[in-house]
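Here the structure comes first, spelled out in structure tokens, and everything after it is commentary.
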Number of protein chains: 2
Amino acid sequence: MGEKTPNGKTDQGDSLEPRDRADRHVRADARRNIDALLRAAMAVFATSGVEAPVREIAEKAGVGVGTVYRHFPQRSDLIVAVFRNEVDACADAAPILAGKHEPGEALALWMQRYVDFITAKRGLAAALYSGNPAFDTLPAYFNQRLRPALQTLLEAAAAAGEVRADIEPGDLLGAAASLAMPAHGGGPAQARRMVALLVDGLRYGASTLADTRS
Amino acid sequence: MGEKTPNGKTDQGDSLEPRDRADRHVRADARRNIDALLRAAMAVFATSGVEAPVREIAEKAGVGVGTVYRHFPQRSDLIVAVFRNEVDACADAAPILAGKHEPGEALALWMQRYVDFITAKRGLAAALYSGNPAFDTLPAYFNQRLRPALQTLLEAAAAAGEVRADIEPGDLLGAAASLAMPAHGGGPAQARRMVALLVDGLRYGASTLADTRS
DNA sequence: ATATATCCGGAACAAGGTTCCGTTTGCAAG
DNA sequence: CTTGCAAACGGAACCTTGTTCCGGATATAT
């Protein structure tokens with residue numbers, strides 16, 4: 001009659017580090033299965049939502065359920081791992097875009113990438129609001145990974161004079177997330193348009209501020 | 001592999017009317033059991049959250065699970081019925097308070113009543129964000145019942161010169177709900193304080209506007 | 001080549017939602 | 001006051017899904 005959180009030794013999900021350290025030895029087959037599971041879970045979550053049965057994910061990954069629970073002691077651990085994985089991918093996209101495009105363009109492209117991530121995650125909001133403490137650390141992780149990524153892009157674009165310089169990355173992430181929330185109604189297309197508008201607002205601000213100040 | 005919503009004849013949950021019409025005959029024992037179920041569900045949801053087992057509710061109501069499902073074909077129908085029931089109670093409190101107190105006082109008291117309703121409903125947010133279409137109609141019902149109730153109070157208080165007159169009831173409901181959301185951290189006590197502040201803001205506005213205009 | 005710690009698969013268990021059906025009962029007509 | 005029966009009741013049984021367990025397979029160090 002209450003909470004049970006023995007939580008022996010969860011290797012992922014507790015640390016706030018971007019990725020796992022190679023603790024001792026991870027057998028090659030284990031690593032392969034973990035990757036397959038993350039990939040399968042990502043696909044299944046995208047189509048059936050995060051409440052898809054564990055068996056379905058296991059089957060899609062070509063492993064038994066026992067293997068799932070060996071690496072992800074709780075169903076929520078798998079969900080968290082997938083979310084963190086996607087956040088990492090989104091954050092990692094920032095330097096790549098920065099290397100391939102003009103600063104302002106890189107910023108705009110990354111924001112769209114971010115919107116796509118949010119809209120694709122049906123059930124993210126539900127998980128966050130579910131009250132399940134397993135998801136408590138997710139928001140912090142989001143900020144920790146995404147804010148620096150966006151900040152770098154913002155600073156580069158501001159230095160190039162392409163956007164205004166007084167924007168808090170955290171504010172922008174929050175605003176874009178609000179606009180993109182699936183619960184808000186309006187499909188992914190609308191979300192992309194609204195966020196594009198937001199980014200254009202940053203650009204407009206640059207010229208306005210330049211005019212006003214000089 | 002998809003949605004199944006045959007939905008034969010759900011008597012509650014589809015109509016937007018405050019309460020059920022007496023369709024044909026409702027046997028006395030049935031009415032009694034429905035009431036007992038709503039009461040039991042309200043109590044159980046308050047203590048164990050909305051994901052409490054149906055069996056537990058049935059037992060607390062002193063009926064078999066078959067009886068639960070006879071009146072509430074899906075578990076979510078019971079949840080929706082309880083929510084609507086509490087919304088009705090909250091809305092009905094408005095005229096009662098208005099009859100017993102000064103207009104400004106009635107408004108303040110009702111807002112507290114509303115906050116208590118929001119904070120008590122652990123899992124309301126989760127349900128709303130769950131993506132389950134069964135809950136889609138809830139927000140509309142909330143507005144339909146609560147807005148007129150609050151509007152009456154606001155108009156009375158404004159007519160008495162106790163609060164400013166330019167407040168949209170919908171805005172106020174939304175703001176108070178945001179402040180009271182359990183997910184916001186801070187207990188019910190904080191929520192009450194913050195909303196009291198909000199109401200005081202309305203009062204301040206009354207004198208300010210009076211000064212400025214005359 | 002061998003030992004062994006680790007990993008794998010899937011049957012088995014537990015819990016909760018939902019269905020089914022034999023029995024009981026409110027109630028209105030006679 | 002009977003009687004007939006549609007409606008309602010209860011709870012066992014069923015299905016789905018999360019989680020545990022353990023005998024067998026296997027990667028890897030020696």
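Lettering of chains follows the sequences in order, A, B, ..., and the numbering in each one begins at 1. Model, not experiment: these values are computed from the prediction.
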Can you tell me the distance, in whole Å, between the [atom1] atom of [X] and the [atom2] atom of [N]?
X: Glu59(A); N: dA11(C); atom1: CD; atom2: P; result: 13 Å
X: Glu51(B); N: dA15(C); atom1: CD; atom2: C1'; result: 14 Å
X: Asn33(B); N: dT24(C); atom1: CG; atom2: C1'; result: 13 Å
X: Phe72(A); N: dG18(D); atom1: CZ; atom2: P; result: 15 Å
X: Leu78(A); N: dG18(D); atom1: CG; atom2: C1'; result: 13 Å
X: Ile34(B); N: dA7(D); atom1: CD1; atom2: C1'; result: 12 Å
X: Arg31(A); N: dT6(C); atom1: CZ; atom2: P; result: 16 Å
X: Arg55(B); N: dC14(D); atom1: CZ; atom2: P; result: 13 Å

Pairing of [X] and [Y] as salt bridge, 4.0 angstrom limit:
X: Asp200(A); Y: Arg203(A); result: yes
X: Asp92(A); Y: Arg145(A); result: yes
X: Asp116(A); Y: Arg113(A); result: no

Quick one: label Arg75(A) by what it contacts on the DNA or RNA (base, sugar-phosphate, nothing), any heavy atom closer than 4.0 Å.
sugar-phosphate
Contact class for Val65(B) (heavy atom, under 4.0 Å): base, sugar-phosphate, or nothing?
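Here Val65(B) touches the bases of the nucleic acid.
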Show me the protein contacts with nucleotides 26-29 of chain C, counting only N or O atoms at under 3.5 Å.
residue, atom, partner, partner atom, Å
dG26(C), O4', Arg27(B), NE, 3.4
dC27(C), OP1, Ala28(B), N, 3.1
dA28(C), OP1, His25(B), NE2, 3.2

Would you mind telling me which residue lines up with the more 5' stretch of DNA chain D, Ala52(A) or Gly66(A), judged by nearest nucleotide?
Ala52(A)
Closest to the Arg70(B) side chain: dA7(D), dG9(C), dG17(C)?
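The answer is dA7(D).
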Closest to the Pro53(B) side chain: dG16(C), dG10(D), dT17(D)?
dG16(C)
Gap between atom CG of Asn143(B) and atom CG of Leu138(B) - 0.5 Å precision
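The distance works out to 11.0 Å.
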Taking OP1 and OP2 of [N], is either one under 4.0 Å from a side-chain nitrogen or oxygen of [X]?
X: Tyr69(A); N: dT20(D); value: no
X: Gln74(A); N: dG18(D); value: no
X: Thr67(B); N: dA8(D); value: no
X: His71(A); N: dC7(C); value: no

Anything under 30° is parallel, anything over 60° is perpendicular, the rest tilted; go ahead and classify Tyr129(B) against Tyr129(A).
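Aromatic pair Tyr129(B)/Tyr129(A) classed parallel.
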Can you tell me how the ring of Tyr114(A) sits relative to the ring of Phe117(A), calling it parallel under 30°, perpendicular over 60° and tilted otherwise?
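Ring orientation, 0 to 90° scale: tilted.
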Between Asp77(A) and Tyr69(A), a side-chain donor and acceptor under 3.5 Å
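No.
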